[in-house]
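Have a look at the structure below before the remarks.
For reference, positions follow the sequence shown, starting with 1. Read the numbers this way: they start at 1 and go in the same order the structure lists the ligands and their atoms.
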Amino acid sequence: MIVTTKELYDHAYGQYAVGAYNINNLEQTMGLFRGNIQSQSPFIIQLSKGARGYTDKRMLEGIIRSAGEVFPEAIFAVHLDHGDEQTCYDCIDSGFYSSVMIDASHETFEENIAITRRVSQRAHDNGISVEAELGMLGGVEEDIAVDEDNACLTNPDEAKEFVEKSGCDSLAVAIGTSHGAYKFTGGQGLHFNRIEEIQKILPGFPLVMHGSSSVPQDEVRRINAAGGQLKEGAKGVDENEYLPAAKLGVTKVNIDTDGRLVWTRVHREFFSEKPEDFDLRGPGKIFMQAYADFIAHKNEMLGSAGQLDDVRESLKK
Ligand code: 13P
């Protein structure tokens, strides 16, 4: 059942974080639904601009609708990840999305407010909520690359002003993470002081953490042992930091890279062990279960595992 993103946030805020997973194809969708049922978790499906253009956006939407029928127990929201203004309008008008993200964080503060305000007005007229971003994360997301020197943490006073003036419903904040497989080289972690300061100035307001993959080193090693050439030694977010961040208002946690690593590991290992094979369903089957197990594990770390029945009850009120 597709619900509003707000309904999921209302249930989760301050208790646990809802996993927001990027999806591109049938196998990922199948694994995603299985994993969330396995762990009894509510979840958010994220479609990026790149994912919508990978085949045809209607294909992905059709797969998600079908998954909702195959797994009638599932409770989830559908979200546009990193939209520009036009893509946000396209999603709002389609009637399929629970929420959109307008990412104008690369613009000036004033321009970011103006663009987010326009999108929020149109979204709210259609019963859809809006995530915006303030502060810059490092790394590469779709076609936008930000180098580490230009990445800066979100300023709490600016966050308050931004939320008030833009009318957005949740805010992606820069708290030390970056997109992609190469985040931290040393012992860095989340900037909890900054999250606390933002929560203090925006109590009850859902915060979003982008760049939340943990980039498991074992996964990277297995990929490389099967012929990959990923840089080793770079770490992601410590999964043990998800829940403490959730208690401080981080209500949505975005995970994409770790899922790509699962896909790469399964396919590289499969074909290096069976070089004579050419049936895509062999690795596909292994991937769907591996992805389901991965999702269930993440949900345990986010605290969303086991929440499904309670969310269902809260929807009746
Ligand atoms: P990762 O690259 O850390 O998975 O982050 C994904 C993300 O934030 C999508 O918006």
Side-chain angles (χ1 to χ4, degrees), residues 5 17-24 28 31-32 35 43-52 54 60 77-84 87-88 91 97-106 130-148 151 153-154 168 170-185 188-191 206-217 219-220 223 230-231 234-239 241-242 245-246 250-265 291 294-295 297-299 301-302:
T5 306
V18 184
Y21 301 102
N22 289 70
I23 285 302
N24 298 274
Q28 266 185 317
L32 177 69
F43 62 104
I44 296 174
I45 298 184
Q46 305 208 115
L47 304 180
S48 68
K49 204 176 152 193
R52 296 173 86 241
Y54 172 52
L60 260 189
V78 182
H79 177 81
L80 168 69
D81 189 27
H82 288 282
D84 54 31
T87 310
C88 284
C91 292
Y97 289 75
S98 312
S99 50
V100 294
M101 177 196 188
I102 173 68
D103 182 0
S105 59
H106 44 282
V130 174
E131 175 183 323
E133 179 168 329
L134 187 64
M136 285 234 207
L137 277 72
V140 179
E141 179 64 22
E142 299 280 322
D143 45 4
I144 302 171
V146 180
D147 65 53
E148 290 300 322
L153 300 185
T154 302
C168 67
S170 61
L171 189 64
V173 285
I175 47 179
T177 65
S178 60
H179 291 114
Y182 309 117
K183 300 182 198 295
F184 306 132
T185 45
Q188 306 98 318
L190 299 185
H191 291 252
L207 306 176
V208 178
M209 181 159 80
H210 282 242
S212 316
S213 281
S214 56
V215 194
Q217 288 309 288
E219 202 75 310
V220 172
I223 289 170
L230 299 183
K231 203 161 70 185
K235 287 187 293 187
V237 176
D238 181 344
E239 291 179 334
E241 293 190 333
Y242 292 159
V250 173
T251 316
K252 172 171 175 275
V253 166
N254 287 12
I255 297 169
D256 183 10
T257 298
D258 282 350
R260 294 179 187 211
L261 294 177
V262 174
W263 186 93
T264 307
R265 185 248 303 161
Y291 195 70
F294 154 78
I295 295 287
H297 166 74
K298 285 287 182 195
N299 291 339
M301 302 312 289
L302 295 167

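Those atoms of ligand 1 that come under 4.0 Å of a heavy atom in H210, given as number and element, are 8 (O), 10 (O). The ligand atoms of ligand 1 that sit less than 4.0 angstrom from a heavy atom of H82 are 10 (O). Atoms of ligand 1 found under 4.0 Å from any heavy atom of H179, numbered from 1 in the order shown, are 2 (O), 5 (O), 6 (C), 7 (C), 8 (O), 10 (O). Ligand 1 places these atoms under 4.0 Å from at least one heavy atom of D81: 9 (C), 10 (O). Every atom of ligand 1 is numbered from 1 in the order shown, and the set under 4.0 Å from a heavy atom of I255 is 4 (O).
For ligand 1, the polar-atom distance check against N254 finds a nitrogen or oxygen pair separated by under 3.5 Å.
Between the side chain of S213 and the main chain of I255, no donor-acceptor pair closer than 3.5 Å is present. Remark: the backbone N or O of H79 is not paired with any side-chain donor or acceptor of S99 at under 3.5 angstrom. Between the T154 side chain and the L134 main chain, a donor and an acceptor come within less than 3.5 Å of each other. Not one N or O on the side chain of N254 forms a donor-acceptor pair closer than 3.5 Å with the backbone of A20. Here the side chain of S98 pairs a donor or acceptor atom with the backbone of V78 at under 3.5 angstrom.
Contacts of S212 with ligand 1, taken as heavy-atom pairs under 4.0 Å, involve the backbone alone.
Counted by atom type alone, S48 and H82 present zero donor-acceptor pairs between their side chains at under 3.5 Å.
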